[in-house]
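Residue numbers start at 1 and run along the sequence shown. Order of appearance sets the numbers: ligands from 1, and atoms from 1 within every ligand. The analysis underlying the following values was restricted to heavy atoms, covering all of them including side chains, and did not include hydrogens, waters or symmetry mates.
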Amino acid sequence: MPILVMKFGGTSVATLDRIRRAAKRVGREVANGYDVIVIVSAMSGETNKLVEFVGETGQFYDAREYDAVVSSGENVTAGLMALTLQEMDVPARSWQGWQVPLKTNSAHSAARIEEIPPENILAKFGEGMKVAVVAGFQGISPEGRITTLGRGGSDTTAVAFAAAFGAERCDIYTDVDGVYTTDPRISDKARKLDRIAFEEMLELASLGAKVLQTRSVELAMRYKVKLRVLSSFGELDDAAGTLVCDEDDIMESNVVAGVAYSRDEAKMTLISVADRPGIAAAIFGPLAEAGVNVDMIVQNISEEGRTDMTFSCPTDQVARAEKAMQAAKDSGEINFHDLVADTDVCKVSVVGIGMRSHAGVASQMFAALSAEGINIKVITTSEIKISVLIDRKYLELAVQALHDSFGLESAV
Ligand code: ADP
Ligand code: ASP
Ligand code: MG
């Protein structure tokens, strides 16, 4: 039997009624002749609640117990989905990550999948089971402890299963009917794309578009998984969605495919550090060790042997960054006059493979922002993206201005 992977996100399993609607879609694919692996998220809001509970126990908690707690939301929906399917006379059972087993490394709260041996589930399919409902987001470490794959990780569970089982397709059902030119919650002019290239989706995801977890796109690209994003709320037959595919499979693409944003960024500046060989390593080494995800970096030109070093990181890592820099100063590794944190910034990015062959995207972007009176604080570019750091209060305005400037309301 061909295998299909169907993933349902938090809003798609938020109530028993929605689980029933999702189960109907699954039942239909079984009727179409597939053995189905269903990956479920926790009911929407559930994981946030569990994360908060853990935070309330103390500031420096054991990451292994964090995973034990936050993985539990998916166990509930996996069981409920299996029960709902059974009620519809579809032979189904639930699997927690460790039962599969979905093997990961030991990086608790951000674990990487190492292996998914398919034998156990295939054996059950051989015995007549039609649907394996697997709890997304979770796995088991070499030490036998429960791990989780990072927020949004059920997408990655789904793609990894599709790769491991050679599935015909991996369908990601969510609360929007595909990948849009920008977050449809931010702009009502956002347009759904019929197709998007892996590289573009990868950039959009890593720059903040949470419709797919970044790692899931990486895996789909590497293992050539046929990946679709579609709505679980539309009509049963309405299955257009967005196909994430190779760039060669896109007939005509826009220079800019989409605009992404990341709301909670912070800009930190070390004032007056010695400009000497090794200074960057002396600053960014301790930050990396402290688990600070540094994104943009700018070093000013130096004056009399001293310079300012600016970097950005997520706002919730500011305290950690400050502690690491203070410790490096106290131990004499670095010396700086002051550390200034601006926690009211956000990052807005434009992404498109057309930029490779098309000049002038950066200047058009800067002109569009300047026309709205938005000041750019930091800029970074890569081959297919340009990102700027701006004041958070301009986020919506900037996204809209860039969407307009690049004509995305008429994108397909
Ligand atoms: P799920 O719970 O199904 O995993 P998520 O909330 O993780 O759903 O992801 C879907 C959300 O991603 C949408 O509701 C939308 O607000 C957001 N999003 C951000 N950027 C985009 C985009 N470019 N296209 C579609 N959705 C986007
Ligand atoms: N429930 C997890 C989260 O909210 C995983 C997921 O939904 O993908 O991050
Ligand atoms: Mg998600």
Side-chain angles (χ1 to χ4, degrees), residues 6-14 18 22 38-52 54 66-67 69-78 97 102 109-111 134-139 147-161 170-196 200-217 228-233 241-242 244 256-263 347-352 395-396 399 402-403 408 411:
M6 302 171 78
K7 180 253 170 178
F8 294 93
T11 40
S12 309
V13 292
R18 291 197 182 164
V38 172
I39 309 294
V40 285
S41 288
M43 289 177 171
S44 66
E46 211 51 37
T47 311
N48 285 348
K49 197 171 85 189
L50 296 169
V51 169
E52 270 169 39
V54 172
Y66 166 95
D67 278 352
V69 175
V70 304
S71 63
S72 64
E74 272 70 10
N75 297 343
V76 175
T77 41
L102 187 150
S109 82
V134 178
F137 179 53
Q138 52 172 262
T147 52
T148 62
L149 309 178
R151 298 306 306 271
S154 296
D155 299 327
T156 300
T157 308
V159 174
F161 268 84
C170 180
D171 286 342
I172 306 284
Y173 286 91
T174 182
D175 56 359
V176 285
D177 60 350
V179 178
Y180 277 69
T181 48
T182 192
D183 187 346
R185 285 176 207 254
I186 289 270
S187 166
D188 50 15
K189 289 193 197 160
R191 284 288 294 262
K192 184 180 80 76
L193 299 164
D194 291 339
R195 288 170 180 241
I196 186 162
E200 290 172 332
M201 191 63 239
L202 196 58
E203 288 284 5
L204 286 175
S206 71
L207 294 167
K210 68 172 187 161
V211 60
L212 287 173
Q213 198 195 33
T214 309
R215 182 92 185 110
S216 73
V217 187
R228 276 202 315 184
V229 177
L230 57 178
S231 165
S232 68
F233 298 122
T242 299
V244 190
V256 168
V259 183
Y261 65 87
S262 165
R263 193 179 289 277
K347 181 171 63 174
V348 177
S349 313
V350 298
V351 171
L395 192 153
E396 283 80 5
V399 169
L402 295 171
H403 200 269
L408 293 180

Short N-O contact, K49 and E46, less than 4.0 angstrom: yes
Verdict with reasoning, R263 to I186, per side-chain contact (heavy atoms from CB on, under 4.5 Å): CA-CA 12 Å; R263 193 179 289 277; I186 289 270; 3.7 Å; yes
Residue, atom name and distance, where the atom is the protein heavy atom closest to atom 4 (O) of ligand 1: K7 NZ, 3.1 Å
Side chain proximity check, K189 to L408, heavy atoms < 4.5 angstrom: no
Identity and distance of the protein heavy atom lying nearest atom 25 (C) of ligand 1: G178 O, 3.4 Å
Check: Y180 N/O within less than 3.5 Å of ligand 1 N/O: yes
Enumerated ligand 1 atoms positioned under 4.0 Å from heavy atoms of A209: 19 (C), 20 (N)
Residue and atom name of the nearest protein heavy atom (relative to atom 1 (P) of ligand 1), distance in Å to one decimal: T174 OG1, 3.6 Å
Heavy-atom gap G9 to ligand 2 smaller than 4.0 Å: no
Residue-ligand contact P184/ligand 1, heavy atom below 4.0 Å: yes
Contact atoms of ligand 2, heavy-atom distance to R151 under 4.0 Å: 3 (C), 4 (O), 9 (O)
Ligand-side contact atoms (ligand 1) for residue partner V179, heavy atom cut-off under 4.0 Å: 24 (N)
Minimum non-hydrogen distance to atom 5 (C) of ligand 2, winning option of E74, K210, M43: E74
Side-chain heavy atoms of L102 within contact of V134, under 4.5 Å: no
Contact check, G152 vs ligand 2, heavy-atom distance below 4.0 Å: yes
Top protein contact for atom 7 (O) of ligand 1, by heavy-atom distance: K210 O, 3.5 Å
Min N/O separation D155 to ligand 2 under 3.5 Å: no
S216 and its side chain to side chain contact (heavy atoms under 4.5 Å, CB included) partner, picked from I172, L149, V159: V159
Subset of ligand 2 atoms that lie under 4.0 Å from at least one heavy atom of S41: 6 (C), 7 (O), 8 (O)
Protein heavy atom at shortest distance from atom 2 (O) of ligand 1: G10 N, 3.1 Å
D175, any N or O under 3.5 Å of ligand 1 N or O: yes
Protein heavy atom at shortest distance from atom 27 (C) of ligand 1: V211 CB, 3.8 Å
Backbone or side-chain N or O of K7 under 3.5 Å from ligand 2 N or O: no
Polar atom proximity, G150 to ligand 2 (N or O, under 3.5 Å): no
Polar contact flag for D183 and ligand 1 (N/O pairs, less than 3.5 Å): yes
